[in-house]
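Remarks on the structure that follows.
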Amino acid sequence: MASRTVRARLDPASERALELLLAGGGTESEVVRGALVETAERRRRGSALAEEARALMDDSADAAARARVMRDMDALAPGWPE
């Protein structure tokens, strides 16, 4: 993929974030590219976790196992004082 230039107007919060990233070293281009990659990876992981959670919610065997664990934990829990 060819190099691409992106322009952005920074608001005060973005300016502070950029200054923080620059304090760690690197050029504006380097820290912005790194932030884009890091944010995209975090979003991808979040989407994957959400999909896994949806799959587990639909899994009857997993639901039965969760119910057994909750019953076992309830049996072990001390009663609340009156």
Side-chain angles (χ1 to χ4, degrees):
M1 175 182 227
S3 180
R4 177 177 172 185
T5 300
V6 177
R7 293 176 46 150
R9 287 192 179 94
L10 302 182
D11 59 11
S14 299
E15 283 281 356
R16 289 189 301 275
L18 180 58
E19 291 303 318
L20 177 67
L21 293 172
L22 288 170
T27 66
E28 285 184 351
S29 290
E30 290 167 340
V31 299
V32 169
R33 283 193 302 266
L36 287 170
V37 170
E38 183 180 322
T39 301
E41 178 61 20
R42 188 170 39 246
R43 186 168 292 179
R44 186 200 61 74
R45 282 193 313 266
S47 295
L49 287 172
E51 180 56 37
E52 183 178 350
R54 279 190 291 275
L56 288 173
M57 292 293 290
D58 294 338
D59 183 336
S60 59
D62 187 69
R66 282 194 314 269
R68 282 192 305 274
V69 168
M70 292 305 291
R71 278 193 307 274
D72 292 346
M73 291 179 71
D74 285 342
L76 295 172
W80 287 93
E82 295 296 324

Q.
Which residues end up grouped with Val31 if you chain together Ile, Leu, Val, Met, Phe, Trp and Tyr wherever their side-chain heavy atoms are less than 4.5 Å apart?
A. Leu10, Leu18, Leu21, Leu22, Val32, Leu36
Q: Sorted by first residue and then second, give each side chain to side chain donor-acceptor pair (under 3.5 Å) pair with at least one member in residues 45-57; sequence neighbours left out.
A: Glu51-Arg54
With sequence neighbours excluded, residues passing side chain to side chain contact (heavy atoms under 4.5 Å, CB included) with [X]:
{"X": "Thr39", "result": "Arg42"}
{"X": "Thr5", "result": "none"}
{"X": "Asp11", "result": "Ala13, Ser14"}

Q. Does CD in Glu15 sit with more than 12 non-hydrogen atoms of other residues, nucleotides or ligands closer than 6.0 Å?
A. yes
**Q.** Point-to-point distance, once rounded to the nearest 0.5 Å, from CD of Glu28 to CD of Glu19
**A.** 8.0 Å
Let me check something: any side-chain donor-acceptor pairs from residues 65-79 under 3.5 Å, sequence neighbours excluded? List them with distances.
unit_1: Arg66; atom_1: NH1; unit_2: Asp62; atom_2: OD2; d: 2.4

